[in-house]
Protein chains: 2
Amino acid sequence: MMKEFLKTKGFKITPQRELIFRSFFEMDKHVSVDELYDKVREKDRSIGYSTVWRNLKLICRVGLAQKVNMGDGITRYDRLTKVPHGHLFCLNCKRVVEFNVDQVVGILANTAVENKFSTRGFKVEVQGYCQLCQSESEKHADDEEIH
Amino acid sequence: MMKEFLKTKGFKITPQRELIFRSFFEMDKHVSVDELYDKVREKDRSIGYSTVWRNLKLICRVGLAQKVNMGDGITRYDRLTKVPHGHLFCLNCKRVVEFNVDQVVGILANTAVENKFSTRGFKVEVQGYCQLCQSESEKHADDEEIH
DNA sequence: ATTGAAATTGATAATCGTTTTCATTTAGAG
DNA sequence: CTCTAAATGAAAACGATTATCAATTTCAAT
């Protein structure tokens, strides 16, 4: 299924590619290159970082995932399901909780139209502290030093 | 006013700082370090990049601005007015249009509560092409090469 | 006004994630 | 089987951000 799809697009099926794709879909829904790289390496020590990176890019290219930027410096790849969703991002433990955005997207779509924008994507995020990390939040509230 | 505020927080008032703060608030609402650096340098060639960067960080720290990541690699600093707002981001010309998010934030606040999240911030973005760049959009739809 | 501790500055270097290069290998159509 | 385009892995390049450090400056307390 997946394989045929890639072939028709002119991409080749390699063992590395198979492993990377497979691993990506087995993992948490929001992974960084590093995380996927580690995971993939558990299965095959010979796979290079660039290969993982490039295949992640390919996964995006064929529309199966999308880059997301939570605010810390690192890019995560969000598996694209049919339903759009928002993210609750815990500033402490970096965990992500998804939530339904049907209502919000409706509003945003209108806004876009009002502004004569041709929409390509939405990003709806709430940053904060999850229940577990709540007590930690004070520690981090003021830890940004200036150098 | 601003000066007194900074002093009470233990920060010192320097000519560079004054110029940087002043420039930041004179500029477009979403600037990158580089943009602000250029602007500041028009007035004073001797100011260093780090100084601009650090003061931008300070501006965030005292709650007058906030980092935003539109998806291209660069961090912009969004002036924090009392009213929260969303961004329409043109993928072609990188221009930003703000829009009201009262309604959306209401919904999101509820969602956060439902998930026992302690909220620190919202991010509501719509990516697409502005009216002017609309015709360009096809050109860029498929320009992501894989290397 | 003078002093001294703490903060700030500017130049430069280190860092970190991302992306490219390049020589080599491999997939897969013919 | 053969040939070409695509894919791989190692390493280097890249670009933005952040840190280091010596010199300077602010400003509160004399």
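Below, each value reflects all heavy atoms present in this structure, side chains not excepted, and no hydrogens, waters or symmetry copies. Lettering of chains follows the sequences in order, A, B, ..., and the numbering in each one begins at 1.
- Rounded to whole angstrom, the span from the NZ atom of A/Lys57 across to the C1' atom of C/dT19 amounts to 7 Å.
- B/Ser46 comes within 4.0 angstrom of sugar-phosphate atoms only, judged by non-hydrogen atoms across all strands, and of no base.
- Between A/Lys7 atom NZ and D/dA6 atom C1' the separation is 14 Å, expressed in whole Å.
- Atom CG of B/Leu6 and atom P of D/dC27 are 10 Å apart (whole Å).
- Within the 4.0 angstrom heavy-atom criterion, no nucleotide atom of any strand lies near A/Lys9.
- At a cut-off of 3.5 angstrom, counting only N and O atoms as typed in the model, there is no donor on one side facing an acceptor on the other between the side-chain of A/Thr14 and the base of D/dA6.
- Within the 4.5 Å cutoff, the side chain of A/Ser23 has heavy atoms near those of the A/Leu36 side chain.
- Two residues, B/Gly10 and B/Tyr49, neighbour DNA chain C, and the one matched to the more 5' nucleotide by heavy-atom proximity is B/Gly10.
- With a 4.5 Å cut-off on side-chain heavy atoms, A/Gln66 and A/Tyr77 do not count as touching.
- The two atoms that bring A/Tyr37 and A/Gly48 nearest to each other are CE1-C, 3.8 Å, heavy atoms only.
- For D/dT8, one of the phosphate oxygens OP1 or OP2 lies less than 4.0 angstrom from a side-chain nitrogen or oxygen of A/Asn55.
- In terms of the ring-ring contact (aromatic ring centres under 6.0 Å, His included) criterion, A/Phe99 has no residue partners (sequence neighbours excluded).
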Any protein N or O atoms within reach of nucleotides 3-5 of chain D? Criterion: under 3.5 Å, listing atom names and distances.
{"unit_1": "D/dA5", "atom_1": "N3", "unit_2": "A/Lys12", "atom_2": "NZ", "d": "2.8"}

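- Residues forming a salt bridge (Lys or Arg N to Asp or Glu O under 4.0 Å) with B/Arg22 (at least two apart in sequence, or on another chain): B/Glu18.
- Residue B/Thr75 is classed as a sugar-phosphate contact, given heavy-atom separations below 4.0 Å to backbone atoms only.
- One atom, CG of A/Leu58, and another, P of C/dT19, lie 15 Å apart when rounded to the nearest Å.
- Side-chain contact between B/Thr75 and B/Val68 is absent, with no heavy atoms from C-beta onward closer than 4.5 Å.
- A straight line from CD1 of A/Ile74 to C1' of D/dT18 spans 17 Å, rounded to a whole angstrom.
- Using a 4.5 Å heavy-atom threshold, the side chains of A/Glu125 and B/Phe122 count as separate.
- A/Ile47 places its CD1 atom 18 Å from the P atom of C/dT25, with the value rounded to the nearest Å.
- Side-chain contact between B/Phe24 and B/Lys39 is absent, with no heavy-atom pair separated by less than 4.5 Å.
- Within 4.0 Å (heavy atoms only), B/Asp34 reaches no atom of the nucleic acid at all.
- OP1 or OP2 of D/dA7 has not a single side-chain nitrogen or oxygen of A/Gln16 nearer than 4.0 Å.
- Put simply, B/Arg54 has no side-chain N or O that comes within less than 4.0 Å of OP1 or OP2 on C/dA7.
- Cluster annotation: A/Val52 and A/Ile13 are assigned to the same hydrophobic cluster (Ile/Leu/Val/Met/Phe/Trp/Tyr, side-chain heavy-atom contacts under 4.5 Å, transitive).
- B/Ser32 contributes no side-chain N or O that forms a donor-acceptor pair with the base of D/dA16 under 3.5 Å.
- Atom NZ of B/Lys3 and atom P of D/dT26 are 12 Å apart (whole Å).
- Counting non-hydrogen atoms under 4.0 angstrom, A/Asn69 reaches nothing in the nucleic acid.
- Contact check, A/Lys67 against C/dG17: no side-chain N or O comes under 4.0 Å of OP1 or OP2.
- Shown here are the ring-ring contact (aromatic ring centres under 6.0 Å, His included) partners of B/Phe5, two or more places apart in sequence or in another chain: there are none.
- The nucleotide whose nearest atom lies closest to any side-chain atom of A/Phe11 is, among C/dT8, D/dA7, D/dC27, D/dA7.
- Taking five base pairs at each end of the helix from C/dA1-D/dT30 to C/dG30-D/dC1 and finding the rotation axis that steps the C1' atoms of four pairs onto the next four gives two axes whose angle is 30°, to the nearest 10°.
- Partners of B/Asp78 according to the side-chain hydrogen bond (donor to acceptor under 3.5 Å, both in side chains) rule, which considers only residues two or more places apart in sequence or in another chain, are B/His30, B/His85, B/His87.
- Between A/Tyr37 atom OH and D/dA10 atom C1' there is a gap of 10 Å when expressed in whole angstrom units.
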